[in-house]
There are 2 protein chains.
Amino acid sequence: MSEPAEISPLTLSRLPLYLRCLRQLQEKGTTHVSSSQLAQQFELSASLIRKDLAQFGEFGIRGTGYRVDELVDRLNGLLGLDRIHKMAVVGMGSLGSALARYLSVNDRPFKIVAAFDVDGGRVGSKLGHLIVHHSREIPEVIPETGARIAVLAVPASAAQKCYEDLTDSGIEAVLNFAPIRLKRNPAVRTKSVDFQIYLEELAYFLRS
Amino acid sequence: MSEPAEISPLTLSRLPLYLRCLRQLQEKGTTHVSSSQLAQQFELSASLIRKDLAQFGEFGIRGTGYRVDELVDRLNGLLGLDRIHKMAVVGMGSLGSALARYLSVNDRPFKIVAAFDVDGGRVGSKLGHLIVHHSREIPEVIPETGARIAVLAVPASAAQKCYEDLTDSGIEAVLNFAPIRLKRNPAVRTKSVDFQIYLEELAYFLRS
DNA sequence: ACCCGCTTGTGAACCATGTCACAAGCGTCT
DNA sequence: AGACGCTTGTGACATGGTTCACAAGCGGGT
(Lines give C-alpha, C1' and ligand atoms only; values in the text may rest on other atoms or scores of the structure.)
Protein backbone atom coordinates (compact mmCIF):
# COMPACT_ATOMS: atom_id res chain seq x y z
CA MET A 1 0.00 0.00 0.00
CA SER A 2 1.19 3.53 0.67
CA GLU A 3 3.63 4.73 3.27
CA PRO A 4 3.02 4.35 7.03
CA ALA A 5 0.31 6.97 7.38
CA GLU A 6 -0.29 6.18 11.01
CA ILE A 7 -0.18 2.76 12.57
CA SER A 8 -3.18 1.91 14.71
CA PRO A 9 -2.23 1.41 18.36
CA LEU A 10 -3.33 -2.20 18.42
CA THR A 11 -1.35 -3.05 15.35
CA LEU A 12 1.61 -1.25 16.86
CA SER A 13 1.41 -3.31 20.01
CA ARG A 14 1.68 -6.50 18.00
CA LEU A 15 4.63 -5.54 15.85
CA PRO A 16 7.24 -5.99 18.59
CA LEU A 17 5.74 -9.39 19.19
CA TYR A 18 6.17 -10.40 15.59
CA LEU A 19 9.66 -9.05 15.63
CA ARG A 20 10.65 -11.07 18.64
CA CYS A 21 9.32 -14.23 17.09
CA LEU A 22 11.01 -13.51 13.79
CA ARG A 23 14.35 -12.99 15.46
CA GLN A 24 14.05 -16.40 17.04
CA LEU A 25 13.31 -17.92 13.65
CA GLN A 26 16.26 -16.04 12.23
CA GLU A 27 18.56 -17.60 14.79
CA LYS A 28 17.22 -21.02 14.01
CA GLY A 29 18.12 -20.36 10.39
CA THR A 30 14.57 -20.32 9.06
CA THR A 31 14.48 -18.19 5.93
CA HIS A 32 10.77 -18.08 5.16
CA VAL A 33 7.63 -18.14 7.24
CA SER A 34 3.91 -18.01 6.44
CA SER A 35 1.26 -16.02 8.23
CA SER A 36 -0.39 -19.19 9.49
CA GLN A 37 2.86 -20.43 10.99
CA LEU A 38 3.23 -17.13 12.82
CA ALA A 39 -0.41 -17.29 13.85
CA GLN A 40 -0.04 -20.48 15.79
CA GLN A 41 3.03 -19.18 17.61
CA PHE A 42 0.97 -16.47 19.23
CA GLU A 43 -2.74 -17.03 19.58
CA LEU A 44 -3.72 -14.83 16.69
CA SER A 45 -5.49 -15.35 13.41
CA ALA A 46 -3.46 -15.53 10.23
CA SER A 47 -5.53 -12.90 8.50
CA LEU A 48 -4.88 -10.42 11.28
CA ILE A 49 -1.16 -10.86 10.88
CA ARG A 50 -1.40 -10.40 7.15
CA LYS A 51 -3.41 -7.25 7.60
CA ASP A 52 -0.95 -5.88 10.10
CA LEU A 53 1.98 -6.51 7.82
CA ALA A 54 0.30 -5.41 4.62
CA GLN A 55 0.02 -1.89 5.97
CA PHE A 56 3.66 -1.21 5.20
CA GLY A 57 3.89 -2.49 1.68
CA GLU A 58 3.73 -5.91 0.13
CA PHE A 59 6.72 -7.88 1.17
CA GLY A 60 5.07 -11.21 1.36
CA ILE A 61 5.59 -13.64 -1.47
CA ARG A 62 2.42 -15.38 -2.53
CA GLY A 63 2.65 -19.10 -2.39
CA THR A 64 5.73 -18.93 -0.17
CA GLY A 65 5.24 -16.59 2.77
CA TYR A 66 7.51 -13.89 4.14
CA ARG A 67 11.28 -13.70 3.99
CA VAL A 68 12.36 -13.61 7.60
CA ASP A 69 15.43 -11.43 7.11
CA GLU A 70 13.58 -8.85 5.11
CA LEU A 71 10.70 -8.69 7.56
CA VAL A 72 13.01 -8.27 10.53
CA ASP A 73 14.83 -5.41 8.83
CA ARG A 74 11.64 -3.73 7.79
CA LEU A 75 10.03 -3.95 11.22
CA ASN A 76 13.21 -2.85 12.90
CA GLY A 77 13.29 0.24 10.76
CA LEU A 78 9.61 0.89 11.20
CA LEU A 79 9.81 0.79 14.95
CA GLY A 80 12.96 2.84 14.98
CA LEU A 81 14.98 0.03 16.53
CA ASP A 82 17.85 0.53 14.14
CA ARG A 83 19.09 3.48 16.22
CA ILE A 84 20.32 3.68 19.77
CA HIS A 85 17.75 5.08 22.18
CA LYS A 86 19.08 6.86 25.22
CA MET A 87 17.03 6.50 28.38
CA ALA A 88 16.92 8.08 31.80
CA VAL A 89 15.67 6.24 34.88
CA VAL A 90 14.08 8.28 37.65
CA GLY A 91 13.68 6.60 41.02
CA MET A 92 16.34 4.09 42.01
CA GLY A 93 14.39 2.18 44.62
CA SER A 94 14.13 -1.56 44.28
CA LEU A 95 11.80 -1.30 41.32
CA GLY A 96 13.81 1.34 39.50
CA SER A 97 17.03 -0.58 40.01
CA ALA A 98 15.47 -3.78 38.80
CA LEU A 99 14.09 -2.05 35.74
CA ALA A 100 17.44 -0.47 35.01
CA ARG A 101 19.10 -3.84 35.05
CA TYR A 102 16.28 -5.46 33.16
CA LEU A 103 15.87 -2.96 30.36
CA SER A 104 19.47 -2.30 29.47
CA VAL A 105 20.70 -5.85 29.07
CA ASN A 106 20.59 -7.79 25.85
CA ASP A 107 21.26 -6.62 22.40
CA ARG A 108 18.39 -4.17 22.64
CA PRO A 109 19.01 -0.68 21.32
CA PHE A 110 18.06 0.95 24.61
CA LYS A 111 20.86 2.40 26.70
CA ILE A 112 20.57 4.03 30.08
CA VAL A 113 22.49 7.28 30.12
CA ALA A 114 21.25 8.89 33.33
CA ALA A 115 19.76 7.91 36.69
CA PHE A 116 18.08 10.04 39.32
CA ASP A 117 16.79 9.76 42.88
CA VAL A 118 16.10 12.03 45.82
CA ASP A 119 17.35 9.74 48.57
CA GLY A 120 20.63 10.89 50.05
CA GLY A 121 21.77 7.32 50.44
CA ARG A 122 21.35 6.62 46.77
CA VAL A 123 22.41 9.90 45.16
CA GLY A 124 26.06 9.67 44.21
CA SER A 125 26.10 5.89 44.15
CA LYS A 126 26.94 3.90 41.06
CA LEU A 127 24.72 2.18 38.54
CA GLY A 128 27.17 0.33 36.39
CA HIS A 129 29.51 3.16 35.49
CA LEU A 130 26.84 5.84 35.90
CA ILE A 131 26.45 8.18 38.84
CA VAL A 132 22.99 8.61 40.33
CA HIS A 133 22.07 12.29 40.23
CA HIS A 134 19.69 14.13 42.48
CA SER A 135 16.30 14.54 40.83
CA ARG A 136 16.57 18.30 41.06
CA GLU A 137 19.29 18.11 38.45
CA ILE A 138 16.93 16.71 35.85
CA PRO A 139 16.65 20.00 33.93
CA GLU A 140 20.39 20.17 33.39
CA VAL A 141 21.38 16.55 33.05
CA ILE A 142 18.70 15.39 30.63
CA PRO A 143 19.68 17.80 27.84
CA GLU A 144 23.37 17.06 28.44
CA THR A 145 22.93 13.34 28.03
CA GLY A 146 20.51 13.53 25.13
CA ALA A 147 18.08 11.08 26.67
CA ARG A 148 14.73 11.06 24.89
CA ILE A 149 12.95 8.31 26.84
CA ALA A 150 12.40 8.29 30.60
CA VAL A 151 11.43 5.47 32.91
CA LEU A 152 9.52 6.75 35.93
CA ALA A 153 9.77 4.53 38.99
CA VAL A 154 9.11 6.92 41.86
CA PRO A 155 6.41 6.81 44.55
CA ALA A 156 2.97 7.94 43.46
CA SER A 157 3.25 11.12 45.48
CA ALA A 158 6.30 12.30 43.52
CA ALA A 159 5.30 11.08 40.08
CA GLN A 160 3.43 14.07 38.68
CA LYS A 161 6.16 16.50 39.64
CA CYS A 162 8.90 14.31 38.17
CA TYR A 163 6.87 13.80 35.03
CA GLU A 164 6.56 17.51 34.48
CA ASP A 165 10.24 18.11 35.15
CA LEU A 166 11.09 15.45 32.61
CA THR A 167 8.80 16.70 29.89
CA ASP A 168 9.97 20.25 30.49
CA SER A 169 13.53 19.06 30.00
CA GLY A 170 12.89 17.72 26.53
CA ILE A 171 12.02 14.10 27.23
CA GLU A 172 9.79 12.83 24.44
CA ALA A 173 8.48 9.55 25.79
CA VAL A 174 7.78 8.32 29.31
CA LEU A 175 7.20 4.84 30.63
CA ASN A 176 5.53 5.32 33.98
CA PHE A 177 5.42 2.72 36.75
CA ALA A 178 3.99 4.86 39.52
CA PRO A 179 0.50 3.78 40.55
CA ILE A 180 -1.17 7.01 39.59
CA ARG A 181 -3.00 8.49 36.65
CA LEU A 182 -0.68 11.16 35.29
CA LYS A 183 -1.99 14.41 33.93
CA ARG A 184 -0.38 14.01 30.56
CA ASN A 185 1.54 16.35 28.40
CA PRO A 186 -0.02 15.82 24.97
CA ALA A 187 3.29 16.39 23.22
CA VAL A 188 4.90 13.47 25.05
CA ARG A 189 4.17 9.82 24.45
CA THR A 190 3.27 8.47 27.83
CA LYS A 191 2.62 4.86 28.69
CA SER A 192 1.67 3.73 32.15
CA VAL A 193 2.24 0.31 33.62
CA ASP A 194 0.25 -0.19 36.77
CA PHE A 195 0.77 -3.48 38.57
CA GLN A 196 -1.81 -2.79 41.22
CA ILE A 197 -4.47 -2.34 38.60
CA TYR A 198 -3.46 -5.52 36.81
CA LEU A 199 -3.81 -7.43 40.04
CA GLU A 200 -7.21 -5.96 40.69
CA GLU A 201 -8.31 -6.97 37.23
CA LEU A 202 -7.21 -10.53 37.90
CA ALA A 203 -8.95 -10.51 41.26
CA TYR A 204 -12.23 -9.94 39.49
CA PHE A 205 -12.07 -13.40 38.00
CA LEU A 206 -11.54 -14.98 41.40
CA ARG A 207 -14.75 -13.88 43.06
CA SER A 208 -16.16 -17.38 43.05
CA MET B 1 -29.72 -2.89 34.76
CA SER B 2 -29.50 -6.60 35.46
CA GLU B 3 -26.75 -8.44 37.30
CA PRO B 4 -23.13 -8.48 36.14
CA ALA B 5 -23.54 -10.78 33.17
CA GLU B 6 -19.98 -10.38 32.03
CA ILE B 7 -17.97 -7.20 32.22
CA SER B 8 -16.22 -6.25 29.01
CA PRO B 9 -12.45 -6.29 29.36
CA LEU B 10 -12.07 -2.60 28.64
CA THR B 11 -14.66 -1.64 31.18
CA LEU B 12 -12.97 -3.94 33.65
CA SER B 13 -9.64 -2.26 33.12
CA ARG B 14 -11.14 1.09 34.05
CA LEU B 15 -12.94 0.03 37.20
CA PRO B 16 -9.80 -0.14 39.37
CA LEU B 17 -9.00 3.33 38.15
CA TYR B 18 -12.33 4.67 39.27
CA LEU B 19 -11.94 2.92 42.54
CA ARG B 20 -8.58 4.45 43.24
CA CYS B 21 -9.88 7.91 42.51
CA LEU B 22 -12.96 7.36 44.62
CA ARG B 23 -10.90 6.25 47.59
CA GLN B 24 -8.95 9.48 47.37
CA LEU B 25 -12.18 11.45 47.35
CA GLN B 26 -13.38 9.40 50.30
CA GLU B 27 -10.32 10.38 52.29
CA LYS B 28 -10.85 14.01 51.45
CA GLY B 29 -14.34 13.66 52.86
CA THR B 30 -16.18 14.19 49.59
CA THR B 31 -19.53 12.46 49.77
CA HIS B 32 -20.85 12.90 46.24
CA VAL B 33 -19.26 13.09 42.82
CA SER B 34 -20.61 13.51 39.30
CA SER B 35 -19.50 11.68 36.21
CA SER B 36 -18.10 14.85 34.72
CA GLN B 37 -15.99 15.50 37.80
CA LEU B 38 -14.59 11.99 37.53
CA ALA B 39 -14.10 12.48 33.81
CA GLN B 40 -11.71 15.35 34.17
CA GLN B 41 -9.65 13.49 36.77
CA PHE B 42 -8.75 10.87 34.22
CA GLU B 43 -8.87 11.84 30.57
CA LEU B 44 -12.13 10.10 29.85
CA SER B 45 -15.52 11.21 28.68
CA ALA B 46 -18.30 11.51 31.20
CA SER B 47 -20.66 9.37 29.18
CA LEU B 48 -18.18 6.52 29.12
CA ILE B 49 -17.96 6.57 32.87
CA ARG B 50 -21.71 6.58 33.19
CA LYS B 51 -21.99 3.65 30.82
CA ASP B 52 -19.37 1.71 32.69
CA LEU B 53 -21.09 2.26 36.01
CA ALA B 54 -24.62 1.75 34.77
CA GLN B 55 -23.79 -1.87 33.92
CA PHE B 56 -24.11 -2.86 37.54
CA GLY B 57 -27.36 -1.21 38.47
CA GLU B 58 -28.44 2.36 38.87
CA PHE B 59 -26.73 3.83 41.87
CA GLY B 60 -26.37 7.30 40.53
CA ILE B 61 -28.72 9.98 41.74
CA ARG B 62 -29.98 12.20 38.99
CA GLY B 63 -29.26 15.83 39.57
CA THR B 64 -26.68 15.00 42.23
CA GLY B 65 -24.20 12.41 41.03
CA TYR B 66 -22.88 9.31 42.76
CA ARG B 67 -22.50 8.67 46.47
CA VAL B 68 -18.81 8.04 46.95
CA ASP B 69 -19.12 5.56 49.82
CA GLU B 70 -21.71 3.47 48.07
CA LEU B 71 -19.77 3.38 44.83
CA VAL B 72 -16.56 2.35 46.57
CA ASP B 73 -18.33 -0.50 48.35
CA ARG B 74 -20.04 -1.67 45.22
CA LEU B 75 -16.88 -1.65 43.09
CA ASN B 76 -14.89 -3.31 45.84
CA GLY B 77 -17.38 -6.13 45.95
CA LEU B 78 -17.59 -6.37 42.21
CA LEU B 79 -13.86 -6.72 41.78
CA GLY B 80 -13.61 -9.14 44.67
CA LEU B 81 -11.42 -6.78 46.66
CA ASP B 82 -13.39 -7.35 49.84
CA ARG B 83 -11.54 -10.63 50.40
CA ILE B 84 -7.88 -11.39 50.97
CA HIS B 85 -6.10 -12.74 47.92
CA LYS B 86 -3.13 -14.98 48.52
CA MET B 87 -0.31 -14.73 46.04
CA ALA B 88 2.83 -16.63 45.18
CA VAL B 89 5.89 -15.01 43.64
CA VAL B 90 8.11 -17.12 41.41
CA GLY B 91 11.56 -15.78 40.63
CA MET B 92 13.26 -13.74 43.33
CA GLY B 93 15.78 -11.89 41.18
CA SER B 94 15.87 -8.14 41.40
CA LEU B 95 12.59 -7.78 39.58
CA GLY B 96 10.79 -10.44 41.58
CA SER B 97 12.00 -9.00 44.85
CA ALA B 98 10.99 -5.51 43.86
CA LEU B 99 7.55 -6.73 42.84
CA ALA B 100 7.15 -8.63 46.07
CA ARG B 101 7.87 -5.50 48.04
CA TYR B 102 5.80 -3.35 45.77
CA LEU B 103 2.67 -5.46 45.59
CA SER B 104 2.27 -6.46 49.19
CA VAL B 105 2.49 -3.06 50.84
CA ASN B 106 -0.41 -0.80 51.49
CA ASP B 107 -3.87 -1.64 52.57
CA ARG B 108 -4.35 -3.73 49.45
CA PRO B 109 -6.01 -7.10 49.90
CA PHE B 110 -3.14 -8.95 48.25
CA LYS B 111 -0.85 -10.96 50.49
CA ILE B 112 2.22 -12.91 49.47
CA VAL B 113 2.14 -16.36 51.02
CA ALA B 114 4.90 -18.13 49.09
CA ALA B 115 8.08 -17.34 47.19
CA PHE B 116 10.15 -19.53 44.85
CA ASP B 117 13.45 -19.47 43.03
CA VAL B 118 15.96 -21.95 41.61
CA ASP B 119 19.11 -20.13 42.61
CA GLY B 120 20.94 -21.84 45.46
CA GLY B 121 21.98 -18.50 46.87
CA ARG B 122 18.40 -17.36 47.20
CA VAL B 123 16.56 -20.56 48.14
CA GLY B 124 16.23 -20.67 51.90
CA SER B 125 16.64 -16.94 52.34
CA LYS B 126 14.02 -14.75 53.91
CA LEU B 127 11.39 -12.52 52.31
CA GLY B 128 9.91 -10.75 55.27
CA HIS B 129 9.01 -13.73 57.43
CA LEU B 130 8.67 -16.09 54.48
CA ILE B 131 11.20 -18.66 53.34
CA VAL B 132 12.07 -18.83 49.65
CA HIS B 133 11.36 -22.35 48.40
CA HIS B 134 12.98 -24.10 45.49
CA SER B 135 10.78 -23.90 42.41
CA ARG B 136 10.58 -27.66 42.21
CA GLU B 137 8.45 -27.55 45.35
CA ILE B 138 5.72 -25.58 43.61
CA PRO B 139 3.39 -28.59 43.30
CA GLU B 140 3.41 -29.16 47.06
CA VAL B 141 3.68 -25.67 48.46
CA ILE B 142 1.05 -23.93 46.35
CA PRO B 143 -1.84 -26.12 47.53
CA GLU B 144 -0.60 -25.93 51.14
CA THR B 145 -0.60 -22.16 51.15
CA GLY B 146 -3.84 -21.74 49.26
CA ALA B 147 -2.39 -19.19 46.86
CA ARG B 148 -4.64 -18.57 43.89
CA ILE B 149 -2.66 -15.85 42.11
CA ALA B 150 0.92 -16.17 40.94
CA VAL B 151 3.41 -13.51 39.89
CA LEU B 152 5.92 -14.86 37.39
CA ALA B 153 9.24 -13.03 37.34
CA VAL B 154 11.65 -15.61 35.99
CA PRO B 155 13.88 -15.44 32.89
CA ALA B 156 12.14 -16.02 29.58
CA SER B 157 13.77 -19.40 29.18
CA ALA B 158 12.16 -20.74 32.37
CA ALA B 159 8.79 -19.05 32.10
CA GLN B 160 6.76 -21.61 30.18
CA LYS B 161 7.82 -24.44 32.46
CA CYS B 162 7.06 -22.47 35.61
CA TYR B 163 3.74 -21.36 34.19
CA GLU B 164 2.70 -24.93 33.59
CA ASP B 165 3.83 -26.05 37.02
CA LEU B 166 1.81 -23.26 38.56
CA THR B 167 -1.36 -23.92 36.64
CA ASP B 168 -1.04 -27.63 37.30
CA SER B 169 -0.83 -26.85 41.01
CA GLY B 170 -4.15 -25.08 41.10
CA ILE B 171 -3.15 -21.48 40.51
CA GLU B 172 -6.08 -19.65 38.93
CA ALA B 173 -4.54 -16.38 37.75
CA VAL B 174 -1.04 -15.48 36.62
CA LEU B 175 0.61 -12.10 36.20
CA ASN B 176 3.57 -12.73 33.95
CA PHE B 177 6.61 -10.46 33.66
CA ALA B 178 8.82 -12.69 31.56
CA PRO B 179 9.44 -11.28 28.08
CA ILE B 180 7.83 -14.16 26.26
CA ARG B 181 4.49 -15.08 24.79
CA LEU B 182 3.18 -17.86 27.02
CA LYS B 183 1.24 -20.76 25.61
CA ARG B 184 -1.77 -20.20 27.81
CA ASN B 185 -3.90 -22.51 29.80
CA PRO B 186 -7.43 -21.42 28.90
CA ALA B 187 -8.71 -22.21 32.38
CA VAL B 188 -6.30 -19.74 33.95
CA ARG B 189 -6.55 -15.97 33.73
CA THR B 190 -3.20 -14.90 32.41
CA LYS B 191 -2.00 -11.35 32.02
CA SER B 192 1.39 -10.49 30.64
CA VAL B 193 3.35 -7.34 31.30
CA ASP B 194 6.21 -6.95 28.89
CA PHE B 195 8.46 -3.95 29.47
CA GLN B 196 10.58 -4.58 26.42
CA ILE B 197 7.56 -4.41 24.19
CA TYR B 198 6.34 -1.23 25.81
CA LEU B 199 9.70 0.38 25.16
CA GLU B 200 9.65 -0.71 21.55
CA GLU B 201 6.20 0.79 21.17
CA LEU B 202 7.46 4.08 22.51
CA ALA B 203 10.49 3.94 20.25
CA TYR B 204 8.19 3.98 17.27
CA PHE B 205 7.16 7.53 18.05
CA LEU B 206 10.77 8.67 18.18
CA ARG B 207 11.77 7.86 14.62
CA SER B 208 11.95 11.52 13.65
C1' DA C 1 -46.88 22.85 45.03
C1' DC C 2 -44.47 23.98 41.21
C1' DC C 3 -40.59 25.18 38.44
C1' DC C 4 -35.86 24.97 37.15
C1' DG C 5 -31.16 23.45 36.88
C1' DC C 6 -28.41 19.74 36.96
C1' DT C 7 -27.09 14.90 36.24
C1' DT C 8 -28.08 10.24 35.24
C1' DG C 9 -29.31 6.31 32.10
C1' DT C 10 -29.76 4.93 27.40
C1' DG C 11 -30.93 4.32 22.40
C1' DA C 12 -28.81 5.50 18.06
C1' DA C 13 -25.06 6.90 15.25
C1' DC C 14 -20.30 6.49 14.59
C1' DC C 15 -15.84 4.52 14.57
C1' DA C 16 -12.24 1.04 15.12
C1' DT C 17 -10.93 -3.63 14.99
C1' DG C 18 -11.05 -8.25 13.68
C1' DT C 19 -12.94 -12.12 10.72
C1' DC C 20 -14.20 -14.20 6.44
C1' DA C 21 -13.87 -15.39 1.89
C1' DC C 22 -11.82 -15.09 -2.35
C1' DA C 23 -9.28 -13.34 -6.38
C1' DA C 24 -4.46 -12.53 -7.66
C1' DG C 25 0.05 -14.25 -7.99
C1' DC C 26 4.32 -16.92 -7.13
C1' DG C 27 6.82 -21.24 -7.62
C1' DT C 28 7.17 -25.95 -8.70
C1' DC C 29 6.47 -30.13 -11.01
C1' DT C 30 5.48 -32.53 -15.05
C1' DA D 1 4.61 -24.26 -21.39
C1' DG D 2 0.79 -25.18 -18.61
C1' DA D 3 -1.58 -26.56 -14.63
C1' DC D 4 -1.77 -26.92 -9.68
C1' DG D 5 -1.10 -25.97 -4.83
C1' DC D 6 -0.23 -22.77 -1.64
C1' DT D 7 -0.17 -18.13 0.42
C1' DT D 8 -0.72 -13.32 0.17
C1' DG D 9 -3.47 -8.94 -0.13
C1' DT D 10 -7.99 -7.05 0.25
C1' DG D 11 -12.88 -5.83 0.00
C1' DA D 12 -17.20 -6.95 2.45
C1' DC D 13 -19.10 -8.13 6.73
C1' DA D 14 -19.54 -8.65 11.84
C1' DT D 15 -18.43 -7.27 16.28
C1' DG D 16 -17.49 -4.40 20.00
C1' DG D 17 -16.65 0.13 22.03
C1' DT D 18 -17.24 5.13 22.34
C1' DT D 19 -19.55 9.34 21.57
C1' DC D 20 -23.70 11.94 21.05
C1' DA D 21 -27.96 13.64 22.23
C1' DC D 22 -31.89 13.62 24.88
C1' DA D 23 -35.69 12.08 27.79
C1' DA D 24 -36.37 10.85 32.67
C1' DG D 25 -35.81 12.14 37.29
C1' DC D 26 -34.00 14.14 41.62
C1' DG D 27 -33.60 18.16 44.77
C1' DG D 28 -33.58 22.83 46.08
C1' DG D 29 -35.59 27.29 45.95
C1' DT D 30 -39.56 30.23 45.59
Side-chain angles (χ1 to χ4, degrees), chain A residues 1-18 21-22 25 30-72 74-75 78 181 201 204, chain B residues 1-18 21-22 25 30-72 74-75 78 181 201 204:
Chain A
M1 188 97 318
S2 56
E3 268 318 283
E6 185 97 29
I7 302 181
S8 100
L10 296 207
T11 296
L12 177 57
S13 72
R14 284 186 295 265
L15 295 185
L17 222 64
Y18 300 157
C21 180
L22 288 165
L25 291 173
T30 312
T31 60
H32 291 260
V33 66
S34 72
S35 61
S36 50
Q37 286 174 302
L38 284 173
Q40 67 189 92
Q41 282 281 332
F42 341 103
E43 289 155 6
L44 295 173
S45 79
S47 59
L48 181 57
I49 295 177
R50 289 202 300 276
K51 245 195 183 150
D52 281 344
L53 297 181
Q55 288 182 36
F56 322 115
E58 313 190 357
F59 31 74
I61 306 166
R62 299 181 186 218
T64 307
Y66 298 89
R67 283 213 313 134
V68 174
D69 287 350
E70 183 184 359
L71 203 44
V72 166
R74 195 83 177 76
L75 289 180
L78 230 140
R181 184 89 174 175
E201 278 180 60
Y204 166 74
Chain B
M1 190 93 318
S2 57
E3 268 319 284
E6 184 97 30
I7 303 181
S8 98
L10 295 206
T11 296
L12 176 58
S13 71
R14 285 187 295 266
L15 295 184
L17 221 64
Y18 300 156
C21 180
L22 288 165
L25 291 173
T30 312
T31 60
H32 292 261
V33 67
S34 72
S35 61
S36 51
Q37 286 174 302
L38 284 173
Q40 66 188 92
Q41 284 279 333
F42 340 104
E43 290 155 5
L44 295 173
S45 78
S47 60
L48 181 57
I49 295 177
R50 289 202 299 276
K51 254 211 171 133
D52 281 343
L53 297 180
Q55 289 183 35
F56 323 114
E58 311 190 359
F59 29 76
I61 306 166
R62 298 178 186 220
T64 307
Y66 298 89
R67 283 213 315 133
V68 174
D69 287 351
E70 184 184 357
L71 203 44
V72 166
R74 195 83 176 77
L75 290 180
L78 232 140
R181 184 90 174 174
E201 278 180 61
Y204 166 74

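Letters go in sequence order (proteins before strands), and every chain restarts at 1.
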The side chain of [X] lies closest to which of these nucleotides: [options]?
X     : options              : result
B:S35 : D:dT8, C:dT17, C:dT8 : C:dT8
B:R50 : C:dG18, D:dG9, C:dG9 : C:dG9
A:E58 : C:dT17, C:dT8, D:dG9 : D:dG9

Using atom [atom1] of [X] as one end and atom [atom2] of [N] as the other, report the distance to the nearest whole Å.
X     : N      : atom1 : atom2 : result
B:Y66 : C:dG9  : OH    : P     : 4 Å
A:R67 : D:dT8  : CZ    : C1'   : 16 Å
B:R14 : D:dG16 : CZ    : C1'   : 12 Å

For a quick check of understanding: with a heavy-atom distance under 4.0 Å over all strands, which category does [X] fall into, base, sugar-phosphate or nothing?
X     : value
B:S47 : base
A:S36 : nothing
A:T11 : nothing

query: So, do A:L44 and A:Y18 sit near enough that their side-chain heavy atoms are less than 4.5 Å apart?
result: yes

message: For A:H32, run the side-chain contact (heavy atoms from CB on, under 4.5 Å) check against A:L25, A:I61, A:V68 and tell me which one passes.
response: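 In the set A:L25, A:I61, A:V68, the residue that makes a side-chain contact (heavy atoms from CB on, under 4.5 Å) with A:H32 is A:I61.
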
field: B:T64 side chain near C:dT7 phosphate (N/O to OP1/OP2, under 4.0 Å)
entry: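 Checking B:T64 against C:dT7: no side-chain N or O falls below 4.0 Å of OP1 or OP2.
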
- prompt: Do any side-chain nitrogens or oxygens of A:S8 fall under 4.0 Å of OP1 or OP2 in C:dT17?
  reply: yes

message: Distance criterion of 3.5 Å, no angle test: do you see the side chain of B:R62 paired donor-to-acceptor with the base of C:dT7?
response: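 Under the 3.5 Å cut-off, the side chain and the base do not form any donor-acceptor pair.
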
- request: Give a yes or no on whether a donor-acceptor pair under 3.5 Å exists between the nucleobase atoms of D:dT19, that is its base, and the side chain of B:K51.
  value: yes

message: For A:E43, give me all partners under salt bridge (Lys or Arg N to Asp or Glu O under 4.0 Å), at least two apart in sequence or on another chain.
response: none

